[in-house]
Number of protein chains: 2
Amino acid sequence: MNRDSRLSSVLHVLLHMAHSDQPLTSGQLASYLSTNPVLVRRVLANLRELGYVSASKGHGGGWVISCDLNEVTLHDIYTAVGAPTVFAMGNRVEHPECLVEQAVNSALNEAFLEAEALLVARLSTISLADLSTDFNRRYIVQHKGHAHV
Amino acid sequence: MNRDSRLSSVLHVLLHMAHSDQPLTSGQLASYLSTNPVLVRRVLANLRELGYVSASKGHGGGWVISCDLNEVTLHDIYTAVGAPTVFAMGNRVEHPECLVEQAVNSALNEAFLEAEALLVARLSTISLADLSTDFNRRYIVQHKGHAHV
DNA sequence: GGTTCATGTAACTAACGATATTACATTTGA
DNA sequence: TCAAATGTAATATCGTTAGTTACATGAACC
């Protein structure tokens with residue numbers, strides 16, 4: 001199956017933007033992801049409409065974060081990129097009159113909805129600032145005590 | 001995304017088999033799913049290799065359940081059909097050296113693994129017999145008290 | 001024995017969605 | 001004015017599930 005990596009991608013570039021003191025172009029961000037600048041502009045366009053980032057054109061332009069990292073959670077970003085389908089599995093076409101299918105779908109749906117609720121709850125507890133803190137911790141470890149600005 | 005419905009499908013036909021007193025052909029089972037007999041044979045072949053069902057050829061042949069409904073859980077069936085990918089989302093190609101990606105992937109992976117663990121736990125608590133019981137309950141409700149055999 | 005009905009399985013096609021690419025208009029700053 | 005950047009549409013690529021066709025094999029019934 002072709003897994004949707006937009007959430008992972010956009011978090012990746014957001015964190016790069018959070019640790020840059022100047023705008024980053026879609027070309028630079030794309031190189032971090034080993035992908036195409038158009039994809040970056042496309043996925044960041046969703047965040048721009050919600051005010052999480054802003055873009056400027058022309059020389060010295062690019063993308064900057066325009067929100068409080070403490071206020072935005074991974075669930076907010078998940079929603080911003082279009083709340084992609086969580087599960088790669090699902091029911092077949094519904095045949096509402098088939099009692100067998102009703103019994104099966106009822107059991108599966110309950111299990112999937114519980115798992116999705118837990119996932120959403122977890123994503124809601126993690127802010128972009130938490131990710132940034134974790135990055136700084138990793139940076140300090142790798143550079144033996146010298147903190148990243 | 002193209003959602004995998006093999007688990008749902010196979011549970012559906014298993015329950016039909018559980019409530020039939022004679023073998024059901026792949027053609028009959030396919031009509032319950034509005035699909036093709038070959039697909040049914042393909043997905044049931046996995047269960048046959050594990051002894052959950054057995055098939056007989058020729059006149060009067062078809063598929064029957066050959067396991068104890070109380071002993072087999074939805075997780076067993078999930079495993080039998082190949083343990084399909086649970087989530088439709090995932091990380092991009094890994095760049096192990098990028099600390100930003102490490103921080104993002106760490107947070108996402110933890111959330112996804114927790115949700116998957118809950119899903120597996122739920123599927124493990126539901127037996128085929130539970131589904132059968134639920135079907136009978138629905139049957140009685142619809143037929144105003146006359147139980148299905 | 002021969003016919004019919006069923007599974008077993010390989011090979012191929014179709015459909016779908018995420019990703020990737022190309023192209024070009026628009027805006028901005030030096 | 002020119003170069004650099006976004007904005008966006010149109011299109012191609014790729015991988016996976018689902019669906020189809022074809023045919024070999026085996027079993028039951030006459």
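Values below: every heavy atom of this structure, side chains too, minus hydrogens, waters and symmetry copies. Naming convention: chains lettered A, B, ... in sequence-line order (proteins, then strands); numbering from 1 in each chain.
In this structure, the CG atom of A/N36 is 15 Å from the P atom of D/dG7, given to the nearest Å. If you measure from atom CZ of B/R6 to atom C1' of D/dT16, you get 9 Å, rounded to the nearest angstrom. Between the C1' atom of C/dA6 and the CD atom of B/Q22 lies a distance of 14 Å, rounded to the nearest Å. In this structure, A/M89 atom CE and D/dT17 atom C1' are separated by 14 Å, rounded to whole Å. Counting to the nearest Å, the P atom of C/dC5 and the CG atom of B/L29 are 18 Å from each other. Atom CG in B/L33 sits roughly 9 Å away from atom P in D/dG19 (whole-Å rounding). Atom-to-atom, CG of B/D4 to C1' of D/dG19 comes out at 15 Å; the value is rounded to the nearest Å. For the pair B/R3 CZ and D/dA18 P, the computed distance is 11 Å after rounding to whole Å.
For the segment residues 39-61 of chain B, the set of residues with a heavy atom within less than 4.0 Å of an atom of DNA chain D comprises B/L39, B/R42, B/K57, B/G58, B/H59, in numerical order.
One N or O on the side chain of A/Y78 and one on the backbone of A/P84 form a donor-acceptor pair closer than 3.5 Å.
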Worksheet item: Given the rule in the side-chain hydrogen bond (donor to acceptor under 3.5 Å, both in side chains) test, do B/T73 and B/D76 qualify, once you have shown the distances and angles that lead to the verdict?
Response: CA-CA 5 Å; B/T73 70; B/D76 293 326; 3.3 Å; yes
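Mapped onto DNA chain C by nearest heavy atom, B/R92 and B/G62 fall at different nucleotides, with B/G62 at the one closer to the 5' end. Both B/V38 and A/T25 lie near DNA chain D, and the one whose nearest nucleotide falls closer to the 5' end is A/T25.
Every salt bridge (charged side-chain N to carboxylate O under 4.0 Å, His left out) that B/D134 has, sequence neighbours left out, goes to B/R137, B/R138.
The aromatic rings of A/H143 and A/Y139 lie parallel to each other, their planes meeting at an angle below 30°, with 60° marking the opposite boundary.
Side-chain N/O atoms of A/D130 and A/T133 include no donor and acceptor closer than 3.5 Å. Checking B/R92 against A/S8 by side-chain atom types alone, no donor-acceptor pair falls below 3.5 Å.
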